There are 2 protein chains.
Amino acid sequence: MPLHLISKLESFTRLSVLDRQALDAVVTEKQRRLGAREDIICEGDNPSHVNLILDGWACRYKQLEDGRRQIISFFLPGDFCDSHVYVLRAMDHSIGTLTPVTFAEISRDSLSQVTSRQPRIMQALWWDTLVQASIQREWTVNLGQRSATERVGHLLCELFLRLRIVGLADGDGCLLPVTQADLADAMGLSTVHINRTLQELRGAGLIVLKGRHLTIPDLPALQTASLFNPNYLHLDHVGRHLDAGTAGEL
Amino acid sequence: MPLHLISKLESFTRLSVLDRQALDAVVTEKQRRLGAREDIICEGDNPSHVNLILDGWACRYKQLEDGRRQIISFFLPGDFCDSHVYVLRAMDHSIGTLTPVTFAEISRDSLSQVTSRQPRIMQALWWDTLVQASIQREWTVNLGQRSATERVGHLLCELFLRLRIVGLADGDGCLLPVTQADLADAMGLSTVHINRTLQELRGAGLIVLKGRHLTIPDLPALQTASLFNPNYLHLDHVGRHLDAGTAGEL
DNA sequence: GGCAGAAATTCAACTGCGTTAATTTCGAGG
DNA sequence: CCTCGAAATTAACGCAGTTGAATTTCTGCC
């Protein structure tokens, strides 16, 4: 049961075997797979269920009438694309894949059944939802205040830590399966300048980026250079669990 | 009972007399008042209750170590500052007043009691929460893609419409009780450039801004100029209710 | 009505990032 | 191994927005 979601939720609270089984059942119910650069759901659609990314990277994005595109958030394995969307009448943005993606379609009923029967899961999903909102706020700060270098550095710190809690980091590195154009759309910069910025980070020895693999040889250094403060990811519980030696290697 | 929150929620769903009474009780429980430029709650604090703005303007903000400040969102009368914050261990941002503010401190228990007893309220608060998240996403687009003029125009459209659904607009205008420095911190621009931008919008006849009062003589024109699409505010229900002649003038 | 501090406005010099476009490298498929 | 399209890289030039500082206009208060 290699469920990234579980590994993430367990960084917040401990789940019982029953909890895990319940989650597993919900996720197994209906799965879909898409190739890279396809839409999972489009602006204007009427959302009927919740999507959970199981494998691959996706993103939320909006396209302005004149073609400009903003990537609003990245979805990594274990991320929900909007629990509770169905309260709203129509999607105000689209969700698309960046790489080939496997995801679970969870019906409104299944989800509310699990959460009402397993209060731990309810609590954990709440935590996850709040963290996602917090990440969105941090992006506002990132786009509003940070220079290009700080901004990109900050994003790389965030993605690395997020991948780490779902068990997708390898030591001091991780996969970064997106193009520089994608990064540009996310950071509100041009591709040319993203390229310049990455060179600069490489030149300063803060990152090693070859092909689709990112290494951060000195995370604290990159964090400092990017004015990155991890508190917004609310990982405060993680340490304790790892120390207890229970979660961590799921 | 001049509760802006109620007027907002009724733009989403109809509330019963009981619903309204319940909300009123919760809000009356404990109220506080602060002057302008004070903090309601600070980064690092452990949140114990939910705050609801009753009167005045506040904002969410983050301050970087080197002093740069980003306003992450504006809170208008009727806005909740994070339902469910208390799930998290510590605030990752601060909430401060921009004008003198009256707000209600709602305890975790009171809130969960109301929502469990009045499902309509639960549903309406969910809608409100999702709309707030949607606004945060739109700010990401705003900061990432729009030019200074579009960006400021977009913000003014948003604030006007948000004030309108809580009954605080007067025809084609509303109060705008914030300084240009505040707008600058929200838009990721310098005060100098905010000033230039406002001049430009004035020059184009898109806004009239005198003292603390804003008039938008031709809202569709400002919307077009700002690439503003109101769908992200999810007001789709409002029209129907107003047509029915029930809500609107609360 | 006058004073003090805050807010708004204006100016000029400067720069970070965008734009356009050309060139090189990479990766998947034949 | 070769080819083709996508992605990455590089360079030159322009502009939107910044910085710092000075000036003017408000606003609240005595």
Side-chain angles (χ1 to χ4, degrees), chain A residues 35-38 57 64 66-71 97-100 142-156 175-203 207-214 225-226, chain B residues 35-38 57 64 66-71 97-100 142-155 175-203 207-214 225-227:
Chain A
R37 298 177 190 288
E38 298 192 60
W57 287 36
L64 301 186
D66 62 3
R68 281 176 275 177
R69 179 175 88 135
Q70 175 71 36
I71 289 184
T97 63
L98 295 168
T99 70
N142 215 12
L143 291 170
Q145 299 298 325
R146 282 185 254 263
S147 71
T149 319
E150 294 165 347
R151 206 183 293 181
V152 174
H154 192 280
L155 176 67
L156 297 180
L175 286 182
L176 190 75
V178 297
T179 67
Q180 295 187 3
D182 292 328
L183 292 178
D185 284 348
M187 297 286 91
L189 297 167
S190 65
T191 48
V192 173
H193 204 65
I194 283 285
N195 189 280
R196 279 196 282 249
T197 304
L198 290 173
Q199 307 283 352
E200 194 187 325
L201 290 170
R202 274 194 273 246
I207 64 170
V208 180
L209 185 56
K210 255 187 260 171
R212 320 254 89 154
H213 193 269
L214 167 73
S226 314
Chain B
R37 298 179 188 286
E38 299 192 59
W57 286 36
L64 301 186
D66 61 4
R68 282 177 275 177
R69 178 176 88 135
Q70 175 71 34
I71 289 184
T97 62
L98 295 169
T99 70
N142 215 13
L143 290 170
Q145 299 297 325
R146 283 185 253 262
S147 72
T149 319
E150 294 165 348
R151 205 183 292 181
V152 174
H154 193 281
L155 176 67
L175 286 182
L176 190 75
V178 296
T179 67
Q180 295 188 3
D182 292 328
L183 293 177
D185 284 348
M187 297 286 90
L189 296 168
S190 64
T191 48
V192 173
H193 204 63
I194 283 285
N195 189 279
R196 277 199 282 255
T197 303
L198 290 173
Q199 308 281 355
E200 194 187 325
L201 289 171
R202 275 195 271 245
I207 64 170
V208 180
L209 185 54
K210 254 187 260 173
R212 320 254 88 153
H213 192 269
L214 167 72
S226 313
L227 296 170

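Convention: sequence-line order gives letters A, B, ...; per-chain numbering from 1. Computed from a predicted structure; not experimentally measured.
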Novice: Could you check how far CE of B/Met187 sits from C1' of D/dA16, rounded to whole Å?
Specialist: 17 Å
Novice: In whole angstrom, what separates B/Arg37's CZ from D/dG28's P?
Specialist: 13 Å
Novice: Test A/His154 against A/Arg151 for side chain to side chain donor-acceptor pair (under 3.5 Å), laying out the working first.
Specialist: CA-CA 5 Å; A/His154 192 280; A/Arg151 206 183 293 181; over 6 Å; no
Novice: List the residues meeting side-chain hydrogen bond (donor to acceptor under 3.5 Å, both in side chains) with B/Glu38, not counting sequence neighbours, and say none if there are none.
Specialist: none
Novice: Please state how far atom CG in B/Leu143 lies from atom P in D/dA16, giving the value in whole angstrom units.
Specialist: 19 Å
Novice: Can you measure B/Glu150 atom CD to D/dG17 atom P for me and round it to whole angstrom units?
Specialist: 9 Å
Novice: Given side chain to side chain contact (heavy atoms under 4.5 Å, CB included), test B/Gln70 with A/Leu143 step by step and report yes or no.
Specialist: CA-CA 10 Å; B/Gln70 175 71 34; A/Leu143 291 170; over 6 Å; no
Novice: Please round to the nearest 0.5 Å and tell me the distance separating atom CD of B/Glu150 and atom CG of B/Leu155.
Specialist: 13.5 Å
Novice: Kindly give the atom pairs (protein nitrogen or oxygen, nucleotide nitrogen or oxygen) under 3.5 Å for nucleotides 2-4 of chain D.
Specialist:
none

Novice: Who pairs with A/Thr179 by side-chain hydrogen bond (donor to acceptor under 3.5 Å, both in side chains), at least two apart in sequence or on another chain?
Specialist: A/Asp182
Novice: Do A/Gln145 side-chain atoms and B/Gly188 backbone N/O form a donor-acceptor pair below 3.5 Å?
Specialist: no
Novice: Can you tell me how far the OG1 atom of B/Thr149 sits from the CG atom of B/Leu227, to the nearest 0.5 Å?
Specialist: 11.0 Å
Novice: When the distance from CG of B/Asp185 to P of D/dG17 is rounded to whole Å, what number comes out?
Specialist: 17 Å
Novice: Go through the steps for A/Thr191 and A/Asn195 under the test side chain to side chain contact (heavy atoms under 4.5 Å, CB included), then give the verdict.
Specialist: CA-CA 6 Å; A/Thr191 48; A/Asn195 189 280; over 6 Å; no
Novice: Say you draw a straight line from CD of A/Gln199 to CD1 of A/Ile207; how long is it, rounded to the nearest 0.5 Å?
Specialist: 9.0 Å
Novice: If we check side-chain contact (heavy atoms from CB on, under 4.5 Å) with A/Leu183, which of these qualifies: A/Val152, A/Val178, A/Ile71?
Specialist: A/Val178
Novice: B/His213 NE2 to D/dC26 C1': how many Å, rounded?
Specialist: 18 Å
Novice: To the nearest angstrom, how far is A/Glu200 atom CD from D/dT10 atom P?
Specialist: 14 Å
Novice: How does protein contact run along nucleotides 8-24 of chain C, one letter per nucleotide 5' to 3', with B for base contact, S for sugar-phosphate only, - for none, heavy atoms under 4.0 Å?
Specialist: SBBBB----BBBBB---
Novice: Between the axis at one end of the helix from C/dG1-D/dC30 to C/dG30-D/dC1 and the axis at the other (five pairs apiece), what's the angle to 10 degrees?
Specialist: 50°
Novice: Excluding sequence neighbours, so at least two apart, what forms side-chain hydrogen bond (donor to acceptor under 3.5 Å, both in side chains) with A/Thr97?
Specialist: none
Novice: Expressed in angstrom and rounded to an integer, what is the separation of A/Leu209 atom CG from C/dC26 atom C1'?
Specialist: 14 Å
